[in-house]
Amino acid sequence: MAYRICLIEGDGIGHEVVPAARKVLEATGLPLEFVEAEAGWETFERRGVSVPEETVEKILSCHATLFGAATSPTRKVPGFFGAIRYLRRRLDLYANVRPAKSRPIPQSRPGVDLIIVRENTEGLYVEQERRYLDVAIADAVISKKASERIGRVALKIAEGRPRKTLHIAHKANVLPVTQGLFLDTVKEAARDFPLVNVQDIIVDNCAMQLVMRPERFDVIVTTNLLGDILSDLTAGLVGGLGLAPSANIGDTTAVFEPVHGSAPDIAGKGIANPTATILSAAMMLDYLGEREVARKVERAVDLVLEKGPRTPDLGGEATTETFTQAVIEALKAL
């Protein structure tokens, strides 16, 4: 049986990095069937919606989805809703999983191997804002249900890793009702995972410790906004957003995407770094149960990062195409 994979290029460099990842996936030799769909700002400009209903239907008909990049304007545009945020809510993709692992490049700090597990549907990202003249107010929604299920995802991930350590990053010292509910709920869930060493840490201290001693961390679970910020910090530790993959996982489906944006300044130039998208594809293979193949893809990427060629963002001169072909050759040699 072939795996049905939905491909959504999105905007900007998504049109370059998703086809690159597709070529790597095809080179694995796995039985794959690709289904193309559209979403993002360009789709909104053409059709008036960022995610057409047929895109949702295609995602639900597939085993997993690989998403490229989406543009979101900084101004408020009537009728527009960010594509990936819409999909997270519509498909209840409540677990955002972002690994940060040292890579064999000079920009990467050695000894880092951690995962940020971020609640993906609540917090300040419910986007319930209002303004009264010169005062603006935003609601932060934290529920016991969402806190428990993201806690259990993080605990299960930690339980399967060698160090079996989970840090709960929070700001309950200032926000004891909302952040306190999150903290207490994850701690309650941890009673079912006696093998996991669970610690809580105030998020500002967590940020400092990540900069000073990132090697001490294994798995970190936190709320939506805090996880968004911390995961970009950890990406910076290991070489930047061009190397940062992620997953949006629900109970019935999952959407995998690079952490970087649509990068309109380099879109169409053929120099976008496809590493994050290829590594996101490897995470997708792992999700599908193809762990050995996923590890081979990751190893092939590391071999190319170590020996070259590298793309301009990593100090090299490789194009997206030449880098991708080097990864494919390395994968075939493994």
Side-chain angles (χ1 to χ4, degrees), residues 3-26 32-94 96 98 120-121 125-129 224 228 241-242 244-250 252-274 276-281 283-284 320 324:
Y3 296 110
R4 282 173 57 85
I5 307 299
C6 184
L7 297 179
I8 303 174
E9 293 182 2
D11 303 314
I13 61 172
H15 298 300
E16 300 162 67
V17 295
V18 169
R22 175 176 180 166
K23 291 178 181 178
V24 174
L25 286 168
E26 290 172 336
L32 303 171
E33 176 187 347
F34 296 102
V35 177
E36 297 184 0
E38 64 173 332
W41 174 252
E42 295 168 21
T43 300
F44 177 80
E45 288 187 307
R46 288 195 311 270
R47 304 186 55 178
V49 292
S50 60
V51 183
E53 189 61 27
E54 63 263 29
T55 293
V56 175
E57 294 172 359
K58 287 180 179 180
I59 291 172
L60 292 174
S61 74
C62 292
H63 293 99
T65 297
L66 185 64
F67 193 107
T71 298
S72 288
T74 54
R75 69 188 189 282
K76 187 172 182 61
V77 177
F80 176 78
F81 200 92
I84 195 64
R85 297 198 308 278
Y86 175 82
L87 288 173
R88 286 168 179 166
R89 291 192 200 173
R90 175 70 184 274
L91 302 174
D92 200 21
L93 306 176
Y94 59 86
N96 186 260
R98 294 188 176 183
N120 224 10
T121 64
Y125 284 22
V126 297
E127 297 178 66
Q128 294 179 7
E129 294 183 294
N224 208 334
D228 197 1
L241 294 180
S246 76
N248 302 280
I249 303 173
T252 58
T253 191
V255 176
F256 298 81
E257 57 162 342
V259 176
H260 62 67
S262 58
D265 57 321
I266 63 169
K269 296 182 180 180
I271 57 173
N273 184 353
T277 311
I278 296 171
L279 292 176
S280 296
M283 290 183 70
M284 180 178 69
T320 307
T324 302

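Note that this is a predicted model, so its numbers are computed, not measured.
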Quiz item: Under 3.5 Å, is there a donor-acceptor pair between the side chain of Glu16 and the main chain of Gly270?
Solution: yes
Exercise. Kindly determine whether Val18 and Ile8 satisfy side chain to side chain contact (heavy atoms under 4.5 Å, CB included), including the steps that lead there.
Key: CA-CA 8 Å; Val18 169; Ile8 303 174; over 6 Å; no
Self-check item: Residues which pass ring pair (Phe, Tyr, Trp, His ring centres under 6.0 Å) with Tyr125, listed by chain and number, not counting sequence neighbours
Solution: none
Quiz item: Atom CD1 in Ile13, atom OG1 in Thr277: separation rounded to 0.5 Å?
Solution: 7.0 Å
Exercise. Report yes if the side chains of Val49 and Tyr86 come closer than 4.5 Å at any heavy-atom pair, otherwise no.
Key: no
Quiz item: Which heavy atom of Lys23 sits nearest a heavy atom of Thr324, and at what distance?
Solution: CB-CG2, 4.3 Å
Practice problem: Considering non-hydrogen atoms only, spot the tightest contact between Pro245 and Ala276 and give its length. | Solution: CB-O, 3.6 Å
Practice problem: Could you pull out the closest heavy-atom pair between Thr320 and Ala20, with the gap in Å? | Solution: CG2-CB, 4.2 Å
Quiz item: Could you go step by step and tell me if Arg90 and Val51 meet the side chain to side chain contact (heavy atoms under 4.5 Å, CB included) rule?
Solution: CA-CA 10 Å; Arg90 175 70 184 274; Val51 183; over 6 Å; no
Quiz item: Judged by atom type as modelled, is there a donor-acceptor pair below 3.5 Å linking the side chain of Glu42 to the main-chain atoms of Gly12?
Solution: yes
Exercise. Supply the atom-to-atom distance Asn120 CG to Leu91 CG, rounded to the nearest 0.5 angstrom.
Key: 11.0 Å
Show me, pair by pair, the donor-acceptor contacts under 3.5 angstrom made by side chains of residues 55-67, not counting sequence neighbours?
{"unit_1": "Thr55", "atom_1": "OG1", "unit_2": "Glu38", "atom_2": "O", "d": "2.6"}
{"unit_1": "Lys58", "atom_1": "NZ", "unit_2": "Glu36", "atom_2": "O", "d": "2.9"}
{"unit_1": "Ser61", "atom_1": "OG", "unit_2": "Arg4", "atom_2": "NH2", "d": "3.0"}
{"unit_1": "Ser61", "atom_1": "OG", "unit_2": "Lys58", "atom_2": "O", "d": "2.7"}
{"unit_1": "His63", "atom_1": "ND1", "unit_2": "Arg4", "atom_2": "N", "d": "2.9"}

Quiz item: Roughly how far apart are Phe81 CZ and Ser72 OG, rounded to 0.5 Å?
Solution: 9.5 Å
Quiz item: Just how far is it from atom CD of Glu9 to atom CG of Asp11, taken to the nearest 0.5 Å?
Solution: 10.5 Å
Practice problem: Using atom types as modelled and distance alone, determine if a side-chain donor or acceptor of Asn248 lies under 3.5 Å from a backbone N or O of Leu93. | Solution: no
Self-check item: Nearest atoms (heavy-atom pairs only) where Ile266 meets Ala272
Solution: CD1-CA, 4.1 Å
Quiz item: Do His260 and Asn273 pass the side chain to side chain contact (heavy atoms under 4.5 Å, CB included) test, and can you show the C-alpha distance, the side-chain angles, and the key distance before you say yes or no?
Solution: CA-CA 10 Å; His260 62 67; Asn273 184 353; over 6 Å; no
Quiz item: Distance from Glu257 atom CD to Arg98 atom CZ, nearest 0.5 Å?
Solution: 6.5 Å
Quiz item: Looking only at heavy atoms, what is the nearest atom pair of Ala70 and Ala83, with distance?
Solution: CB-CB, 4.4 Å
Quiz item: Does the distance from a Lys or Arg side-chain N to an Asp or Glu carboxylate O, for Glu127 and Arg88, drop under 4.0 Å?
Solution: no
Quiz item: How far apart are the closest heavy atoms of Gly14 and Pro19, and which atoms are they?
Solution: O-CD, 3.7 Å
Quiz prompt | Rounded distance (nearest 0.5 Å) linking atom OG of Ser50 with atom CD1 of Ile84 | solution = 10.0 Å
